[in-house]
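Working notes for the structure below.
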Amino acid sequence: MPKDMDKIVALCKRRGFIFQDSEIYGGLNGFWDYGPLGTDLKRNVRNVWWEDMIGRHDPLDPPENAPASFHMVGVETTIIMHPQVWKVSGHYDLFVDKMVDCKECKARFRADHVNVAVLVANFPDDPSAGKQAIACESFMPDAATGMGLSNSKAKKLDQALLAFGKDKSSKPVGDVVVMSYLDFLVRQEAEGQNLKASCPTCGGELTTPRDFNLMFKTIIGALGTEEDAAYLRPETAQGIFVNFKNVCDSSRVKLPLGICQVGKSFRNEITPRNFTFRSREFEQMEIEFFCHPSESPKWYDYWRARRYQWYQDLGIAKENLILREHHKDELAHYSCGTADIEYAFPFMSAGEYGELEGVAHRGDFDLRSHMEGKLKNENGELVVELDAKGQPRHRGSGKDLSYFDDSTRERFIPHVIEPSAGADRATLAFICEAYAEDEAPDDKGNMQVRTLMRFHPRLAPVKAAVFPLVKKDGQPEKAKEIYRALKNAGIAVQYDEQAAIGKRYRRQDEIGTPWCITVDPETMSEGTVTIRDRDSLEQVRIPAGEVVDEISRRLRG
RNA sequence: GCGGGAGUAACUCAGUUGGUAGAGUGUCUGCCUUCCAAGCAGAAUGUCGCCGGUUCGAGUCCGGUCUCCCGCUCCA
């Protein structure tokens, strides 16, 4: 049974997990706030990630399934960086997409995605007639066949050719040339022609291409002008790349080496939607893993498997999670391989998944870019992109970012494997996965619907709650004692003496507290308390003095 | 950005032809003392998304705007 996203969103608000940003002013599209429980939950997601990737990492011996031992360290870099970073990384050019709209059907396309088939006619019997572009049809490339020009449109081109040749003595021959809409416009301009490409779907008139800046622009300096434009980072990765040399020079680390960072990133998503899934301000948890080029495929495999497993270890059911290898033509121009870890969010249709994390094999693209300048893919080779004067389009730092391996006396530019996870998306996935409704008996033994969040104990915002069964006979005092002992041990715990015991259990179920500890008459006589399990509803009795140890033990797994 | 739907208490929603707002849940306070929400009693809470217009009077009609949901588009 699919989960109801509306109910999940309602619970998130009702219990203080996630609020719409600036809600009292009507909200702000694409921005979300975390309430008290959501803040703890998301912090747990971040902390568990940091702990598992760095804190608990053992650099002395190879971890399970790893090709070799390796180092993992962290950095924290700024949201605003030198503007040249984004020019070199390609974001400046790529994030400023040219978009065209259809004035008729209102469809919007990326201008470089619209293809135009131009019919160029010539008269083989009459060379003096020259070549002329006489007709065009626009179409969207069909991913399946690679041939998006429909038969009807091809026929129209044929007819145009026939009509063109009608009053000529010799027969025209036509060549169909396919180009992007942007190239088409450039050629029309250059050749002084005025063919008009129309909407690929409805044939309506298209607007001229307009800029869409997907990076947030800002100004540095109180008196800053457009000259001082800077950008909020669209990814945390670049802060790692530009510090690669600093980290190597300062940290007594060797390759293979992972440098990790958690932090906010910003993208002007065109259509923010689906709760927090596509937000304009979001948090990333990224690893840039640097290794020898010859070892990179092994590390790519390692990180894909390890990161896929990580979500499962924290409670995401395997049937809701896929590891999807990108198809070749889906790869970014720099990537030698990318796999997405995707989750079957309730708001997606059956069989569809939303990306939680991308694990990309980036080769030496990033370090080379920051050395040499913005790179482009030319016939499978990454080369520095040049401007009209033959200079680099965007100049690199000129610094040598290669790595010298002392043991092999070899110098090389490391390859990078990038597991890049979304903290908000992971948090949302954990929320969706945790949401459950089951049936539990009420005090009369009738089955009632119970709403609960089955958070993994490491992620649960509240780990335990302590109740007195009744508000008398010294039970509240005893319960508070246990509550404080847990607090002092650094365990997130709540105390509740309000209303019937069953109601208190349900309250904790709804926020995903794994364990409830209840003080009852037997506590007063025998010194034992019950620990009730959220998922099984089972209770076990242990000495009150062992509660802190027992909960700590359970939290360690 | 387009098309469709929606916005009323913290949540889910009702609100008849325009006559100055209700229910359930939740929250809080007592009582009860009982191990899985619905025993009893009581209380608080809304400029009906926002702005403007029509009207003697607008939650209700009109215009604009913001936000959410669905579809399209987009998602290096």
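Proteins come first, then strands; the chains are lettered A, B, ... in the order of their sequence lines, and each starts at number 1.
Defined by atom type and a distance below 3.5 Å, a donor-acceptor pair is present between the side-chain atoms of A:Tyr435 and A:Glu437. Side-chain atoms of A:Ser536 and A:Asp533 form a donor-acceptor pair, as typed in the model, at a separation below 3.5 Å. Side-chain polar atoms of A:Ser265 and A:Gln284 form a donor-acceptor pair below 3.5 angstrom. In this structure, a donor-acceptor pair under 3.5 Å is absent between the side chains of A:Arg541 and A:Thr530.
Note: A:Phe17 and A:Phe455 have tilted aromatic rings, judged against thresholds of 30 and 60 degrees for the angle between ring planes. Relative ring orientation between A:Phe345 and A:Phe347 is described as parallel, the plane-to-plane angle staying below 30° on a 0-90° scale split at 30° and 60°. The aromatic rings of A:Phe241 and A:His370 are tilted relative to each other, their planes meeting at an angle between 30° and 60°.
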Protein-nucleotides 47-51 of chain B N/O pairs under 3.5 Å:
none

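The distance between atom CD of A:Glu497 and atom C1' of B:G30, rounded to the nearest whole Å, is 13 Å. Put simply, NZ on A:Lys374 is 15 Å from P on B:A76, counting in whole angstrom units. One interatomic measurement links the two molecules: CZ of A:Arg534 to P of B:C36, which rounds to 20 Å at whole-angstrom precision. Remark: P of B:C11 and CD1 of A:Ile8 are 17 Å apart, rounded to the nearest angstrom. Between the P atom of B:G26 and the CD atom of A:Glu510 lies a distance of 10 Å, rounded to the nearest Å. In this entry the distance linking CG of A:Asn29 with P of B:U65 reads 15 Å, nearest Å. Between the CG atom of A:Asn268 and the P atom of B:G1 there is a distance of 12 Å, given to the nearest Å. Atom-to-atom, CH2 of A:Trp32 to C1' of B:C69 comes out at 10 Å; the value is rounded to the nearest Å.
The side chain of A:Asn274 contributes no N or O atom lying less than 4.0 Å from OP1 or OP2 of B:C68.
Using atom C1' as the reference point in both B:G59 and B:C48, the two lie 5 Å apart (nearest Å).
Taking every side-chain heavy atom of A:Glu235 into account, B:A76 is the closest of B:A76, B:C28, B:U33. Among the nucleotides B:U12, B:U34, B:U29, the one closest to the side chain of A:Leu469 is B:U34. Taking the side chain of A:Lys471 as heavy atoms from C-beta on, and the options B:A76, B:C35, B:U33, the nearest nucleotide is B:U33. Candidate nucleotides B:C35, B:U33, B:A37 were compared by shortest atom distance to the side chain of A:Lys503, and B:A37 ranks first. Comparing atom distances between the A:Gln20 side chain and each of B:C28, B:U67, B:U33 picks out B:U67 as nearest. Which of B:U33, B:C70, B:C36 sits closest to the side chain of A:Arg506 comes down to B:C36. The side chain of A:Gln539 sits closest to B:C36 out of B:C36, B:C11, B:A76. Comparing B:C70, B:C11, B:C35 by their nearest atom to the side chain of A:Arg14 picks out B:C11. Which of B:C36, B:A10, B:C35 sits closest to the side chain of A:Asp520 comes down to B:C35.
Heavy atoms of A:Gly30 sit under 4.0 angstrom from primed sugar atoms or phosphate atoms, though from no base atom. Residue contacts shown for A:Val9 are absent, as no nucleic acid heavy atom lies under 4.0 Å away.
To the nearest 0.5 Å, atom CZ of residue A:Arg532 and atom CD1 of residue A:Ile517 are 12.0 Å apart.
The base-pairing partner of B:A43, taking Watson-Crick or G-U wobble contacts with both distances under 3.5 Å, is B:U27. Using Watson-Crick or G-U wobble geometry with both donor-acceptor distances under 3.5 Å, B:A14 finds no partner in any strand shown. The partner of B:C2 is B:G71, judged by Watson-Crick or G-U wobble contacts that both fall below 3.5 Å. Nucleotide B:U34 is matched to nothing when pairs are restricted to Watson-Crick or G-U wobble geometry with both distances under 3.5 angstrom. B:G52 is paired with B:C62 under the Watson-Crick or G-U wobble criterion, all donor-acceptor distances under 3.5 Å.
One finds no salt bridge joining A:Glu283 and A:Lys264 here, because no Lys/Arg side-chain nitrogen approaches an Asp/Glu carboxylate oxygen to under 4.0 Å.
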